[in-house]
Undergrad: 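One structure, as structure tokens, below. Some questions next.
The chains referred to below are lettered A, B, ... by the order of the sequence lines, with proteins before strands, and numbering in each begins at 1. Bear in mind the structure is a predicted one, so any value in this text is a computation, not a measurement.
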There are 2 protein chains.
Amino acid sequence: MKPKEQIVDLADQYIRAKGYNAFSFYDIAKEVGIKTSSIHYHFPSKTDLGVAVIEKELAFITAMIQKNADCSPLEKLNIFFSIYHKIKEANQVCLVGSLATDFMTLDESIQNALKKFSLTILNWVTGFLEEGKRENVFNFSCQPRIKALLIIGNMLSIVQLSRLIDDADFNSVKKAIQKDLLNQ
Amino acid sequence: MKPKEQIVDLADQYIRAKGYNAFSFYDIAKEVGIKTSSIHYHFPSKTDLGVAVIEKELAFITAMIQKNADCSPLEKLNIFFSIYHKIKEANQVCLVGSLATDFMTLDESIQNALKKFSLTILNWVTGFLEEGKRENVFNFSCQPRIKALLIIGNMLSIVQLSRLIDDADFNSVKKAIQKDLLNQ
DNA sequence: GTCTATATTCCGATAGAC
DNA sequence: GTCTATCGGAATATAGAC
């Protein structure tokens with residue numbers, strides 16, 4: 001992997017493991033095997049690096065949405081779950097949750113990138129919930145957008161809470177969401 | 001208010017506004033009108049201050065639980081909502097959500113205090129959900145503990161997401177949770 | 001593109017006077 | 001209990017050699 005990609009990848013890991021304000025250029029430099037000044041060559045400021053992380057994740061999620069556009073709503077739900085499963089396995093939190101708590105300390109360019117990223121996820125989930133309801137696979141009574149916020153919020157929060165409480169609760173929450181959606 | 005209390009109060013505000021790793025003793029000293037060394041007199045280390053913040057919130061929530069022990073489950077639910085309503089009004093996030101994302105950077109004493117705090121809330125919510133189900137006021141099919149995690153997670157996440165998306169979603173989410181619980 | 005060297009700022013923490 | 005003064009360290013960032 002090219003150094004530039006590796007830097008973004010490690011920054012991503014650190015943001016979701018320790019938070020944006022808790023990792024340093026030195027943390028990354030150490031792991032890549034270069035000096036901090038070399039990171040500044042690729043990303044003049046920490047803000048530039050932060051924006052690059054979000055844009056990388058946005059590209060990833062956009063490609064995944066596109067690739068699985070023809071899947072069933074239930075399959076899409078499980079793809080959605082699998083994202084958080086990986087995060088939880090690594091004892092991390094999701095990018096949105098991590099950066100939302102640091103939001104007031106972030107430069108506007110990161111704030112805007114994050115808003116765009118979260119909107120992409122929200123629209124995706126809203127879409128396959130609507131789809132599932134139309135096909136009588138999913139059942140829920142509130143607006144699809146609100147149901148999407150509830151479900152996204154459940155996953156966003158359970159990866160955070162998994163650090164504080166019983167590890168097994170993650171799967172129980174996942175199953176409860178699924179059962180609730182499929183119940184007629 | 002005594003300086004010591006004021007320091008804890010401001011630290012609490014900062015943690016929920018900007019995050020634990022983004023506020024400094026100087027931020028607080030400035031607002032109190034003292035020097036940073038005076039804060040160290042009351043709280044030798046930042047960790048001591050962090051623990052004091054959680055213990056203050058724990059005392060507050062414990063008193064509130066006790067005070068409203070005789071309320072109906074529906075009243076308790078609305079008290080629960082009102083906590084997050086205040087947080088959202090201030091454009092802050094809850095203490096658990098904020099410190100959970102910074103969890104890996106916190107000293108063990110703060111981690112343990114936070115675990116105790118989150119468990120207190122979880123047990124409280126689980127309790128009045130069970131109560132409400134027994135009285136046929138609330139309706140849900142999963143375990144009360146899991147339902148509590150889902151609802152707490154919805155509120156924890158919506159105060160975070162309120163910074164990124166439509167401000168009005170907070171009330172929609174609150175109403176959706178309520179309707180879901182009350183539906184027969 | 002990476003290095004050395006350094007500038008600058010900030011932060012947590014401590015010693016000792018008052 | 002608050003102050004001044006200061007230490008030691010860490011962080012972002014830049015200049016210039018290679």
Undergrad: Would you tell me if any nitrogen or oxygen in the side chain of B:Ser37 comes within less than 4.0 Å of OP1 or OP2 on D:dC3?
TA: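 Negative; the distance criterion is not met.
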Undergrad: Measure from the side chain of B:Ile34, starting at C-beta and using heavy atoms only, and say which of D:dT12, C:dA13, D:dC3 lies closest.
TA: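 That would be D:dC3.
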Undergrad: Mind calculating the distance between CD1 (B:Ile110) and C1' (C:dG12) to the nearest angstrom?
TA: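 In whole Å, C:dG12 C1' lies 13 Å from B:Ile110 CD1.
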Undergrad: To the nearest Å, give me how far apart CZ (A:Phe25) and P (C:dT6) are.
TA: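 Taking atom P of C:dT6 as the reference, CZ of A:Phe25 is at 21 Å.
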Undergrad: Take the protein atom CD of B:Gln6 and the nucleotide atom P of D:dT2, then report the distance between them rounded to whole Å.
TA: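 Going from B:Gln6 (CD) to D:dT2 (P), I get 10 Å.
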Undergrad: Return the nearest nucleotide to the side chain of B:Tyr41; candidates are D:dT2, C:dT4, C:dT2.
TA: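 Taking heavy atoms from C-beta onward, the closest nucleotide is D:dT2.
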Undergrad: Nearest to the side chain of B:His40 - C:dA13, D:dT12, D:dT4?
TA: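 Given the options C:dA13, D:dT12, D:dT4, the side chain of B:His40 is closest to C:dA13.
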Undergrad: May I have the distance from A:Tyr14 (atom OH) to D:dA11 (atom P), rounded to whole angstrom?
TA: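 Atom OH in A:Tyr14 sits about 11 Å away from atom P in D:dA11.
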Undergrad: Check the side chains of A:Gln160 and B:Gln160 for a donor-acceptor pair under 3.5 angstrom, ignoring hydrogens and angles.
TA: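 Side-chain D/A pair, B:Gln160 to A:Gln160: present.
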Undergrad: Among B:Leu122, B:Asn123, B:Ile121, which residue meets the side chain to side chain contact (heavy atoms under 4.5 Å, CB included) test with B:Val125?
TA: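 The option that passes is B:Ile121.
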Undergrad: Between atom CD1 in B:Ile39 and atom C1' in C:dC11, what is the gap in whole Å?
TA: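 Value for this atom pair: 12 Å.
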Undergrad: With a non-hydrogen cut-off below 4.0 angstrom, is B:Phe43 in contact with a base, only sugar-phosphate, or nothing?
TA: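 Result for B:Phe43 = nothing.
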Undergrad: Which of parallel (below 30°), tilted (30 to 60°) and perpendicular (above 60°) describes A:Phe23 and A:Tyr14?
TA: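 If you compare the ring of A:Phe23 with that of A:Tyr14, the planes turn out parallel.
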Undergrad: Please step through salt bridge (Lys or Arg N to Asp or Glu O under 4.0 Å) for the pair B:Lys88 and B:Asp169, ending with a clear verdict.
TA: CA-CA 11 Å; B:Lys88 187 253 168 188; B:Asp169 286 323; over 6 Å; no
Undergrad: May I have the distance from A:Leu49 (atom CG) to D:dA11 (atom P), rounded to whole angstrom?
TA: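 To the nearest whole Å, that distance equals 15 Å.
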Undergrad: Given atom NZ of A:Lys46 and atom P of C:dT8, what is their separation to the nearest angstrom?
TA: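 Value for this atom pair: 22 Å.
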Undergrad: Measure from the side-chain heavy atoms of A:His42 and tell me the nearest of C:dC3, C:dG1, D:dC3.
TA: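 That would be C:dG1.
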Undergrad: So which nucleotide from C:dA13, D:dC3, C:dC3 ends up closest to the side chain of A:Ser38?
TA: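 Ranking C:dA13, D:dC3, C:dC3 by closest atom to the A:Ser38 side chain puts C:dC3 first.
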Undergrad: According to a strict under-4.0 Å criterion, is B:Lys35 in side-chain N/O contact with OP1 or OP2 of D:dT2?
TA: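 No, outside the criterion.
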Undergrad: Atom CG of B:Asn21 and atom P of D:dA11: how far apart are they, to the nearest Å?
TA: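 Spelled out: CG on B:Asn21 to P on D:dA11 is 11 Å.
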Undergrad: Would one find a side-chain N or O of A:Ser24 under 4.0 angstrom from OP1 or OP2 of D:dA10?
TA: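 No, no such contact exists.
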Undergrad: May I ask you to say whether A:Asp180 pairs ionically with A:Lys147, meaning some side-chain N is under 4.0 Å from a carboxylate O?
TA: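 Judged by the 4.0 Å cut-off on N to carboxylate O distance, A:Asp180 and A:Lys147 do form a salt bridge.
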